[in-house]
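Notes follow once the structure below has been shown.
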Amino acid sequence: QVQLVESGGGSVQPGGSLRLSCAASGYTYSSNCMGWFRQAPGKEREGVAAIYSGGGSPYYDDSVKGRFTISQDNAKNTVYLQMNSLKPEDTAMYYCAAEENVGGCPSEGLYEWAFPYWGQGTQVTVSS
């Protein structure tokens with residue numbers, strides 16, 4: 001069973017930075033897609049970024065392009081989300097998600113139903 005553990009959330013002022021980490025364990029297959037979703041109070045969960053273990057261009061939602069960077073350390077089965085120039089509207093619970101035995105990550109949007117494995121979430125609050 002794949003387990004995902006997020007860390008790195010917290011509170012920051014607008015314009016600040018945070019880095020989230022997601023450590024995965026229990027993969028059966030080496031090819032996987034790991035993504036980050038977020039859910040603000042009263043809103044639906046939305047996909048933010050995703051990266052494929054085999055390489056290629058990561059996926060980013062338009063709302064975070066140029067500000068967030070997703071990266072991975074395959075040796076550690078860990079994915080990172082570097083968040084810069086944070087805005088109050090980035091405030092949300094951030095979730096790591098994963099699917100394995102795939103040929104890549106989605107290129108036109110992330111959907112919850114495509115990811116069977118989820119972390120417990122880490123809170124990010126951007127406020128002055």
Side-chain angles (χ1 to χ4, degrees):
Q1 181 73 10
V2 175
Q3 292 187 327
L4 306 174
V5 179
E6 303 105 330
S7 60
S11 296
V12 65
Q13 292 185 340
S17 299
L18 284 173
R19 188 175 84 152
L20 306 183
S21 299
C22 175
S25 61
Y27 279 131
T28 300
Y29 302 95
S30 59
S31 58
N32 55 76
C33 173
M34 294 185 72
W36 288 96
F37 288 74
R38 65 185 181 186
Q39 187 169 21
K43 295 188 177 181
E44 294 185 354
R45 193 173 297 187
E46 61 177 359
V48 173
I51 190 166
Y52 179 56
S53 59
S57 299
Y59 165 84
Y60 294 100
D61 184 76
D62 286 344
S63 63
V64 305
K65 280 182 181 176
R67 300 189 298 121
F68 290 11
T69 302
I70 189 170
S71 61
Q72 62 187 344
D73 183 336
N74 285 337
K76 296 181 179 180
N77 275 341
T78 299
V79 168
Y80 306 96
L81 187 67
Q82 178 67 43
M83 305 185 295
N84 298 329
S85 302
L86 282 161
K87 305 175 181 180
E89 51 263 45
D90 293 317
T91 295
M93 184 70 79
Y94 283 71
Y95 297 90
C96 177
E99 54 173 338
E100 61 174 343
N101 196 25
V102 294
C105 284
S107 59
E108 298 182 355
L110 301 181
Y111 300 96
E112 292 184 66
W113 51 261
F115 292 83
Y117 308 113
W118 291 82
Q120 80 285 357
T122 185
Q123 179 67 37
V124 171
T125 302
V126 185
S127 173
S128 56

Single-linkage hydrophobic cluster [X]~[Y], side-chain heavy atoms < 4.5 angstrom:
X: V79; Y: V124; result: yes
X: M34; Y: F37; result: no
X: I51; Y: Y60; result: yes

Can you give me the closest heavy-atom contact between L81 and A49, atom names plus distance? CD1-CB, 4.1 Å
Dump the intermediate steps for side chain to side chain contact (heavy atoms under 4.5 Å, CB included) on T125 and V12, then the final yes or no. CA-CA 6 Å; T125 302; V12 65; over 6 Å; no
Working to the nearest 0.5 angstrom, can you tell me the gap between [X] [atom1] and [Y] [atom2]?
X: I70; Y: Y52; atom1: CD1; atom2: OH; value: 14.5 Å
X: N77; Y: Q3; atom1: CG; atom2: CD; value: 12.5 Å
X: Y80; Y: T69; atom1: OH; atom2: OG1; value: 14.5 Å
X: S71; Y: Q82; atom1: OG; atom2: CD; value: 8.0 Å
X: L86; Y: F68; atom1: CG; atom2: CZ; value: 5.0 Å
X: W36; Y: E46; atom1: CH2; atom2: CD; value: 14.5 Å

Using a 3.5 Å cut-off and no angle test, enumerate the donor-acceptor pairs between side-chain atoms of residues 89-115 and protein atoms at least two apart in sequence or in another chain.
| residue | atom | partner | partner atom | Å |
| --- | --- | --- | --- | --- |
| D90 | OD1 | R38 | NH1 | 2.9 |
| D90 | OD1 | R67 | NH2 | 3.0 |
| D90 | OD2 | R67 | NH1 | 2.7 |
| D90 | OD2 | R67 | NH2 | 3.4 |
| D90 | OD2 | K87 | N | 2.7 |
| T91 | OG1 | P88 | O | 2.9 |
| T91 | OG1 | V126 | N | 2.8 |
| T91 | OG1 | V126 | O | 3.4 |
| Y94 | OH | R38 | NH1 | 2.9 |
| Y94 | OH | D90 | O | 2.7 |
| E100 | OE1 | T28 | N | 2.9 |
| E100 | OE1 | Y29 | N | 3.0 |

Per-pair distances, 0.1 Å, donor-acceptor, side chain in residues 17-24, under 3.5 Å, sequence neighbours excluded:
| residue | atom | partner | partner atom | Å |
| --- | --- | --- | --- | --- |
| S17 | OG | N84 | OD1 | 2.9 |

S53 side-chain N/O to N32 backbone N/O, donor-acceptor pair under 3.5 Å: yes
Counting only N and O atoms by type, is there a donor-acceptor contact under 3.5 Å from the side chain of E6 to the main-chain atoms of G121? yes
